[in-house]
Amino acid sequence: MEPDVIRLEHVCFSYDSEPVLEDVSLSLERLSFLSIIGPNGGGKTTLLKLLLGLIKPTRGDIQVLGMTPEQGRRQIGYVPQYATIDPRFPITVWDVALMGRLGRIPLGKKYSEKDREIAAEALERVHLHELRNRQIGKLSGGQQQRALIARALASQPQLLLLDEPTAGVDDKIKQGLYNFLSELNEIMTIVIVSHDIGVVSRYAKTIACLNRRLVYHSEKEITPEMLAETYQCPVDLIAHGVPHRVLAQHE
Amino acid sequence: MNKLLILILLLLLLLILLLLLLLILLLLLLLILLLMLLFNPVRVRSIKSRSKSKSKIKSKSKIKSKFGVVNGEFIMIEALQFEFMRNAVFAGILVSIACGIIGSYVVVNRTVFISGGIAHAAYGGIGLGYYLGIEPTLMAIPFSLLSALIMGLVHHRTHQHEDTLIGVLWAIGMALGIIFIDLTPGYAADLMSYLFGSILAVPKSSIVVMLVMNAVIILTVCFFYNEFLALSFDEEYARVLSVPVELLYLLQLALTGLTVVLTMRVVGLIMVIALLTIPAAISIQFTTKLHHTMMLSSFMGVVFTLSGLYFSYIFNLTSGATIILVAGTGFLLSIVYKRTRKIIEPWKKKR
């Protein structure tokens, strides 16, 4: 039997003595499309970091593709927020995409012709191949986000993790991005952390609400009760940049 | 209304043209200076006051009498016939290459403060070298490596109060150096040269050491170029790619430490940071790939050190400080240039 892509069992994590995650259990099959929503400080990014093996859980067990996160992360394509890019950094889109191959080659080795082909293919998928010689900091927010997705795709992952990919991107680009992700979902599992509850519910197959504790919903309908339980404070919710229509828009 | 717009545009154009003219003039000046560096008469006074040993002056006057030139045109070439002058030029070039490469990392990684800490902590090694009667530069190497290691680990492990600790190490290193020199019998006259640099007093043996260190730096950077790039651009992602981030980070800091010790001979430890960061800070504005940044900053460094050396020579000024001033002027000019281009470009597009 194929192992689950992600398997979390009673995972707890705390910074110092401040609990961030409490008793989180979750398992995802291949080709899932999970959207994790929740308030800021609810532990969304912490959960991603745990999956990537960047931090270790205080308690509980994490498996990625049946391996430890440190081994399994070679199969993960991770897309951080583009806002973390230093706009002055002298690096081209091409270099960034090629960087995705770094985990696949031994230390100190140069990229092979095959690596270049794969990186070029990844850039074509996100329609950035013509802009490959541009400095990444000179691109628009949506383009930078796509470049980071290309980098993740270049490592040919089985699982794609995206950390708020739509923050600060306009609606049209958002739409395009989600369409693209649904397309990708045919070949890889996708986990997305997002504030865009309205849009996400249209594309994601399943939804998990995370606010220290994780509540997994096998259907993708977001009900006001779910939101109220997760966010606890609806005023806070609007203040943190969640579009107002989220509250209005439940079909 | 329209007239006003045209007037403003014209004024802007005039301003831009003036600035461009200024830039071209400056470049010309630099070129002339470089040429003069090769073909200018030596000023006897400056040579006398600059050279450290009497034998050098002796050899200089010997050469002068041999060629029979007092106010001749080609005495700068003659100056290059002095070993100390040739060494100075070599040292300037070698240091610029190392600084161009490592400085690019320092600027993109924002480890300027750590590099400053390493430079000053290395002073403790110089003091110890004096005290033990060992070549101070050699003692400075383990000191800078050790401080680089401590600061790197603190930076990586704690992520808080690191600037405080760097400041503390910075001061302790300096204090140690001074105490060791106090303990050393006799007057340590040469010590100032480590603070402010003495490119004219670089011996041939140091040139060889510099060559070796340069080779080490270039080879290491070539070998780990991709990993270093990933680490500098996005450390977290490098970790996800299972790149040994901490090890490589420490290696990078160790290379910074080596470069600092190398550069100390030329501009002095107080001004090491300037030569490490200014050329890279200029180049980063005009390049889109990190290895281009490195090459351009190495080239800039060579221009700055050699022209600085020339100025210090003809005006009889401290070489290290003059080099830094030339570099600083270059930095300001690059910013002015970049600003004016920002103004011009949208205007051009409109047309």
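Just so it is clear: chains get the letters A, B, ... in the order the sequence lines come, proteins before strands, and each one is counted from 1. Worth saying up front: this structure is predicted, and the values here are computed from it rather than measured.
The CZ atom of Arg134(A) sits 10.5 Å away from atom OG1 of Thr288(B), with the distance rounded to the nearest 0.5 Å. Rounded to the nearest 0.5 angstrom, Arg239(B) CZ and Leu54(A) CG are separated by 7.0 Å. Rounded to the nearest 0.5 Å, atoms CZ (Phe223(B)) and NZ (Lys110(A)) are 7.5 Å apart. How far CD1 of Ile91(A) is from NE2 of His291(B): 11.0 Å, rounded to the nearest 0.5 Å. Here CG of Leu98(A) is found 7.0 Å from CG of Asn226(B). Values are rounded to the nearest 0.5 Å.
Two residues are said to be in side-chain contact when any heavy atoms from C-beta on lie closer than 4.5 Å; Asp234(B) and Arg151(A) meet this criterion. Between Ser242(B) and Glu70(A), the closest side-chain pair of non-hydrogen atoms is not below 4.5 Å. Residues Asp86(A) and Phe233(B) fail the side-chain proximity criterion, which asks for heavy atoms closer than 4.5 Å. With contacts defined as side-chain heavy-atom distances shorter than 4.5 Å, the pair Pro90(A)/His292(B) does not qualify. A heavy-atom distance below 4.5 Å is found between the side chains of Leu229(B) and Phe89(A).
Here the shortest heavy-atom pairing between Arg74(A) and Leu241(B) reads NH1-O, 4.5 Å.
Crowding of Lys109(A) atom NZ: a count of heavy atoms from other residues, nucleotides or ligands under 6.0 Å not exceeding 12. Other residues, nucleotides and ligands place more than 12 heavy atoms under 6.0 Å from the CD atom of Gln135(A). More than 12 heavy atoms of other residues, nucleotides or ligands lie within 6.0 Å of OH in Tyr111(A), so this atom counts as buried by the packing criterion.
Interface remark: Ser283(B) contributes no atoms to any contact with chain A (heavy atom separation under 4.5 Å). At a 4.5 Å heavy-atom cutoff, the contact between Tyr237(B) and chain A is made by side-chain atoms alone. Proximity to chain B (any heavy atom under 4.5 Å) is shown, for Pro157(A), by neither the backbone nor the side chain. At a 4.5 Å heavy-atom cutoff, the contact between Val240(B) and chain A is made by backbone and side-chain atoms alike. Contacts of Thr287(B) with chain A are made by both backbone and side-chain atoms, with heavy-atom separations under 4.5 Å. Both the backbone and the side chain of Glu236(B) come within less than 4.5 Å of a heavy atom of chain A.
At least one donor-acceptor pair under 3.5 Å links the side chain of Glu227(B) to the backbone N or O of Gly108(A).
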